[in-house]
Each structure stands twice: as structure tokens, then as C-alpha cells.
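Just below is one structure, and these are the notes that go with it.
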Amino acid sequence: MLRLARVFALLLLAAGAVPASAQTGAVAQAGGQVTYSLAPGDLLRIDIWRERDLSGEFIVDVDGVVTLPLLGRQNVTGVPMDQLHARLMEQYAVHLRNPSITITPRRRVNIFGEVRTPGLYPLDPTVSLAGAIALAGGATELGDLQRIRILRGGQELRERVGVAETLAAADIRSGDQIIVERRGWFERNSPMLLGTAINVLATIVTTLIILSANGDDGGGSGTDN
């Protein structure tokens, strides 16, 4: 009887370890200095203090040019953000008195798969993939944040990307697709399978205990007679 109880306990511990191990996973942290610049298809967000009509988001065309109020066409492709900011400050100073300007590059990225509100989103390159997915409503109950793929032009760029990586660190560009994959069948159904296994094991052990008890009773009666 003690041996049967020990076997049952070990089986329960082994079964309980399945979902825990399935949920573990290392997430690589992005590091290092990143220089941001614009490319065709990107957006340039400009905020000028007290100049709402001059502020907004402006798309970079196929020639790498963005058209801005007052300034007209500006070639911005590959220009680091600090240099672009200095150039725009100088040019706007011709038209405005002591302008205060903030500029932010934005990638236009499609977020699809197991997310609640898939679609095209303008994203700061400093945003992590977790932040980008949160903007898309977060992952559905079937989504697996350990299985994120990046597609570019219909081709798979990266098979697995950690949610802590930023768009810049993962080299995600405008037009790319972030795909949140569905969790595997076993992982989705492991709670049900675990419950079924426990019920079956409990039934088997109970049956063995009853049979063992009946056998002991039968043996004792035979001795008394």
C-alpha cells in the first residue's frame, strides 16, 4: 500500500511539472547605443511648441523626402536624429521666434496573428515588441509571446524575437510585419490533459486499494475457518 501511494505521489509531481516547464523561456535583452534615422515609408513626428498647425506626422516618400509646413521638401534619409533636429531648428528659426521643436521617428509596422486589434501602427523605434503588441490590444488567450516572427516583403526575417527587444534592436522597418503565433496544441490543452491524467491515476490507485483490501479480507477469513 505504501509503495502504491509513493508511486501515485511521484506521478502527480511529474504531471504538475509539465505546464511549469512549458512556460519558462529566456528573453534576450537588447543593449548598446542605437542611432536612429529615417527611411522611405517612415513617419516624422514634429511637435513645435504653440504651433499646432505646423506640428503633426509627415510621411517620408520613396525618394527619402518629407514635405514640411513652411520649409517644404526636406531630404531626411539616413540623417541621424540629432543632426536633423539641429537643421530643422535652424530653418524654423527663420520663420519663428525661438522655436521649441521635438522630433520623433516612427516606423509604420503591421501587427498580425494572435493579437486583439491587428493592423498598421506607427511606432517609435525605442518601443519594445511587448509595447508594440500592447498597442495592438495585447495577445489573445491563444497567443504565444515566445513565438514572435518578423516578415519583410513576404519573407521571414527572423523566426523568434524576444518581447524585450526594441524595434531598432530587432532591425524592424516600415512595412515589416510582426506576427504573434498561436500556442501549440499541447500547451493549449495541457490543463485538460493534466486533469484527465490525474483522474485516471486516482481511479487506478483507488481500484488497486479496493482490490488489495478485499484480498486481505478474504485471506483472513480463510485462516479463521
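We number each residue from 1, following the sequence as shown.
Side-chain contact check for Ile46 versus Leu88: some heavy-atom pair is nearer than 4.5 Å. Counting heavy atoms from C-beta on, the side chains of Tyr121 and Ile111 come closer than 4.5 Å. The shortest side-chain heavy-atom distance between Pro40 and Asp61 does not fall under the 4.5 Å cut-off. Proximity of Leu157 to Ile172: side-chain heavy atoms (C-beta onward) are nowhere separated by under 4.5 Å. Within the 4.5 Å cutoff, side-chain heavy atoms of Pro105 are placed close to those of Met81. At least one side-chain heavy atom of Val109 sits less than 4.5 Å from a side-chain heavy atom of Leu167. Using a 4.5 Å cut-off on side-chain heavy atoms (C-beta onward), Arg158 and Ile148 make no contact.
Put simply, the side chain of Ser55 gets close to the backbone of Ile48: a donor and an acceptor are under 3.5 Å apart. Distance alone, capped at 3.5 Å, is enough to place a donor-acceptor pair between the His85 side chain and the Ile101 backbone.
Each salt bridge (Lys or Arg N to Asp or Glu O under 4.0 Å) pair with one or both residues in residues 90-102, not counting sequence neighbours, would appear here, but there are none. Note on residues 50-60: pairs passing salt bridge (Lys or Arg N to Asp or Glu O under 4.0 Å), not counting sequence neighbours, are Glu57-Arg106. Sorted by first then second residue, the salt bridge (Lys or Arg N to Asp or Glu O under 4.0 Å) pairs that include residues 114-123, not counting sequence neighbours, are Glu114-Arg182, Arg116-Glu141.
Other residues sharing a hydrophobic cluster with Ile59 under the 4.5 Å side-chain heavy-atom criterion for ILVMFWY residues are Leu43. Residue Ile179 belongs to a hydrophobic cluster whose other members are Phe112, Leu151, with links defined by side-chain heavy atoms closer than 4.5 Å.
Not a single side chain to side chain contact (heavy atoms under 4.5 Å, CB included) links Ser37 to another residue, sequence neighbours left out. When the side-chain hydrogen bond (donor to acceptor under 3.5 Å, both in side chains) test is applied to Arg173, the partners found at least two apart in sequence or on another chain are Asp171. In this structure Ser128 satisfies the side-chain hydrogen bond (donor to acceptor under 3.5 Å, both in side chains) test with no other residue, sequence neighbours excluded. In this view, Thr203 and Thr207 satisfy the side chain to side chain contact (heavy atoms under 4.5 Å, CB included) rule, not counting sequence neighbours. With sequence neighbours excluded, no residue satisfies side-chain hydrogen bond (donor to acceptor under 3.5 Å, both in side chains) with Tyr92. When the side-chain hydrogen bond (donor to acceptor under 3.5 Å, both in side chains) test is applied to Asp124, the partners found at least two apart in sequence or on another chain are Thr126.
In this structure, the separation between CG on Leu129 and CG on Leu123 is 9.0 Å, given to the nearest 0.5 Å.
Note on Arg108 versus Asp42: no salt bridge recorded, every NZ/NE/NH1/NH2 to OD/OE distance being 4.0 Å or above.
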Just distance, no hydrogens or angles: give the donor-acceptor pairs under 3.5 Å from side chains in residues 64-74, sequence neighbours left out.
residue, atom, partner, partner atom, Å
Gln74, OE1, Arg87, NH1, 3.3
Gln74, OE1, Gln91, NE2, 3.3
Gln74, NE2, Gln91, OE1, 2.9

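Neither Val115 nor Leu120 shares a network with the other; the hydrophobic side chains, linked directly or stepwise wherever heavy atoms of I, L, V, M, F, W or Y lie under 4.5 Å apart, form separate groups for each.
Checking Thr77, Val79, Leu84, Ile103 one by one against Leu38, the side-chain contact (heavy atoms from CB on, under 4.5 Å) holds for a single residue, Leu84.
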